[in-house]
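The residues of the chain are indexed from 1 along the displayed sequence. All values reported here derive from a predicted model rather than from experimental measurement. Remember, it's 1-based here, ligands and their atoms both numbered in the order they're listed.
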Amino acid sequence: MKKIALIGSTGSIGRQVVNVALRYPERFQIVAMAANSNAPLFSEQIARLRPAFAVLRQESAARTLPPAPQGTRLAAGEEAFEEACAFADADIVFVAVSGFAGLKASLLALGAGRDIALANKESLVVGGDLVLRKAEEKGAKILPVDSEHSAIWQCLHFDCAAKYRRILLTASGGALRDVPLQKLEKMTAKEALAHPNWDMGAKITVDCATMLNKGFEVIEAMHLYGAPPEKIEVLVHRESIVHSMVEFEDGAVLAQMGVPSMELPIQLALTYPERISCKLPPVDFVKLGALHFEAVNQERYPCFSLALECAQKGGTYPCILNAAGEIAVSAFLKGQIKYTQIADIIEGTLSASLRGTAGSYAELEECDLAARARAQALLPQ
Ligand code: NDP
Ligand code: MG
């Protein structure tokens with residue numbers, strides 16, 4: 001029985017982790033669970049899963065929860081959240097929180113010597129060196145959940161240190177991939193959220209449209225697979241069937257394919273190194289007929305270019321990039337700025353921010369807060 005601490009249970013990934021765990025009750029048990037503020041869903045999940053420990057980070061939201069069933073210790077606030085991230089009785093911590101908040105969860109889990117199933121790519125974007133160092137120091141594993149990184153891991157036969165010549169990272173191009181460039185500034189949140197192939201949380205769906213997400217994934221791959229940026233090529237692949245590929249020294253290319261769903265990468269991070277059956281339909285190659293690949297049009301995706309610059313520069317640049325992205329996307333979703341201003345806010349924040357060092361969590365937190373304040377100041381008042 002694998003005991004899971006699920007951090008971010010109410011999100012798109014968190015809900016799918018719950019489904020996988022409930023499908024295989026003889027294999028998985030969710031022993032601890034944490035979320036931020038979605039009290040109605042959290043209380044439903046508690047009733048279904050009956051974890052030993054359940055934490056809602058936001059105390060005001062936690063006050064609206066009904067009493068916990070017998071056997072569940074219910075708590076709220078920061079200290080309880082930290083306890084859930086390093087839960088003593090868990091074998092693995094599933095980090096399914098979105099944004100900068102995931103970094104703390106990853107560091108606490110690894111610090112307690114737990115393996116982590118890592119959906120929260122921001123942990124590696126913002127604090128990759130720190131996260132990798134902590135895993136190494138404690139002998140804990142980082143099991144990739146992001147579909148592209150799971151695909152690369154599978155192509156490398158689960159050996160993150162294996163030799164290869166190139167990583168070919170695929171991207172769908174997002175919801176606005178066919179919108180004429182001059183019409184992009186008119187795009188609404190609803191349009192940017194209508195992803196053609198994947199159903200995900202709002203932040204990452206907008207990041208798919210701008211391809212900031214793909215820039216994050218380049219940084220994530222650099223950390224997970226020791227790849228310099230020039231060894232990673234990004235390809236727009238509209239069918240989202242090839243989840244990524246690895247080219248080896250002799251020119252052979254291995255691809256991992258499957259229908260677009262997070263269920264397989266979620267399940268594999270939990271069953272690794274074993275593969276078990278998954279409820280997904282097989283790929284119908286005859287119906288598909290063809291798979292397409294294109295180069296990234298940098299004019300359409302300025303956020304992607306900004307992310308690549310930050311990947312090259314390293315240090316606190318990716319942390320500033322992430323903070324500015326969180327503020328800009330949240331403003332776009334509230335209708336405060338236009339779609340095309342997301343890139344302007346990120347660029348403005350990057351050029352105005354003081355560069356610190358990224359040596360500790362405290363330094364990164366300070367950098368994150370300062371960058372958020374600068375990004376906020378660039379929003380229309
Ligand atoms: P969602 O927005 O759907 O869910 C976010 C989850 O994180 C919720 O449970 C939310 O709690 C919780 N949360 C948010 N802020 C905080 C905080 N400050 N402290 C504690 N918990 C917090 O996101 P997704 O599930 O889409 O994404 C989660 C992560 O996985 C992201 O890093 C994303 O990039 C990555 N990812 C997602 C994919 C997908 O298919 N969705 C694919 C690949 C990667 P609450 O709801 O209670 O407020
Ligand atoms: Mg991905």
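Here Met200 has heavy atoms under 4.0 Å from ligand 1 in both its backbone and its side chain. Residue-level proximity to ligand 1 for Ala105 is absent, since no heavy atom of it falls below 4.0 angstrom. When heavy-atom distances to ligand 1 are checked against a 4.0 Å cut-off, Phe81 comes that close only through its side chain, counted from C-beta outward. Only side-chain heavy atoms of Glu122 come within less than 4.0 Å of ligand 1; its backbone N, CA, C and O stay farther off. Here Ala101 has side-chain heavy atoms under 4.0 Å from ligand 1, and that is the only part of it that gets that close.
One finds a salt bridge joining Lys121 and Glu217 here, because a Lys/Arg side-chain nitrogen approaches an Asp/Glu carboxylate oxygen to under 4.0 Å. With respect to the salt-bridge test (charged N to carboxylate O, under 4.0 angstrom), the residues Glu78 and Lys104 qualify. Salt-bridge formation is not detected for the pair Lys163/Glu249: no Lys NZ or Arg NE/NH1/NH2 atom is positioned less than 4.0 Å from an Asp or Glu carboxylate oxygen.
Within the sub-2.8 Å shell of the Mg ion (ligand 2), the protein contributes these N/O/S atoms: Asp146 OD1, Glu148 OE1, Glu217 OE2.
Which parts of ligand 1 touch Gly8 is read off a 4.0 Å heavy-atom cut-off, strictly below it: atoms 9 (O). The ligand atoms of ligand 1 that sit less than 4.0 angstrom from a heavy atom of Asp146 are 43 (C), 44 (C).
Asp91 contributes no side-chain N or O that, together with a main-chain N or O of Lys2, makes up a donor-acceptor pair within less than 3.5 Å. In this structure a side-chain-to-backbone donor-acceptor pair under 3.5 Å is present from Asn38 to Leu41. In this structure, the side chain of Lys231 engages the main chain of Tyr164 through a donor-acceptor pair within 3.5 Å. At least one donor-acceptor pair closer than 3.5 Å links the side chain of Asp115 to the backbone N or O of Lys141. Side-chain atoms of Glu191 come within 3.5 Å of backbone atoms of Thr188 as a donor-acceptor pair (strictly under, hydrogens ignored).
When only non-hydrogen protein atoms are considered, atom 34 (O) of ligand 1 lies nearest to Lys121 CE, 3.3 Å. When hydrogens are left out, the protein atom nearest atom 4 (O) of ligand 1 is Gly11 CA, 3.1 Å; that is the closest non-hydrogen contact. Atom 28 (C) of ligand 1 has its closest protein heavy atom at Ala96 O, 3.3 Å. What sits closest to atom 3 (O) of ligand 1 on the protein, heavy atoms only, is Ser12 N, 2.9 Å. Closest protein heavy atom to atom 19 (N) of ligand 1: Arg57 NH1, 2.8 Å. From the protein, the heavy atom lying nearest to atom 35 (C) of ligand 1 is Ala119 O, 3.2 Å. Remark: minimum distance from atom 23 (O) of ligand 1 to any protein heavy atom is reached at Ser98 CB, 3.9 Å. Atom 29 (C) of ligand 1 has its closest protein heavy atom at Val97 O, 3.4 Å.
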Evaluate Ser172 against His237 for side chain to side chain donor-acceptor pair (under 3.5 Å), listing each step before the verdict.
CA-CA 5 Å; Ser172 68; His237 164 51; over 6 Å; no

Does the pair Glu220 and Lys214 meet the rule for a salt bridge (Lys or Arg N to Asp or Glu O under 4.0 Å), with working shown?
CA-CA 9 Å; Glu220 188 181 5; Lys214 210 49 57 177; over 6 Å; no

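In this structure, of Ala202, Cys85, Gly99, Gly201, the residue bringing a heavy atom nearest to atom 26 (O) of ligand 1 is Gly201. Distances from atom 10 (C) of ligand 1 to the heavy atoms of Thr10, Thr205, Asp199, Leu6 put Thr10 nearest. With atom 22 (C) of ligand 1 as the reference point, the heavy atom nearest to it among Asn36, Ile13, Ile204, Asp207 is part of Asn36.
Between Ser37 and ligand 1 there is a heavy-atom distance shorter than 4.0 Å. Not a single heavy atom of Phe216 lies less than 4.0 angstrom from ligand 1. For the ligand labelled ligand 1, residue Met262 lies inside the 4.0 Å heavy-atom shell.
For Tyr225 and Trp153, the distance between ring centers is not under 6.0 angstrom.
What you find for Ala61 and Ser37 is that their closest heavy atoms are CB-O, 3.4 Å.
Atom CD1 of Ile92 sits about 10.5 Å away from atom OH of Tyr272, to the nearest 0.5 Å.
Looking at heavy atoms from C-beta onward, Phe87 lies out of side-chain contact with Arg114 at the 4.5 angstrom threshold.
Checked options Val126, Leu103, Ile219; the residue passing with Asn322 is Val126 (criterion: side chain to side chain contact (heavy atoms under 4.5 Å, CB included)).
The environment of Gln70 atom CD is sparse: at most 12 non-hydrogen atoms of other residues, nucleotides or ligands sit within 6.0 angstrom. Atom CD of Glu299 has 12 or fewer heavy atoms from other residues, nucleotides or ligands within 6.0 Å.
Remark: ligand 1 and Asn38 share an N or O pair separated by less than 3.5 Å (distance only, no angle test).
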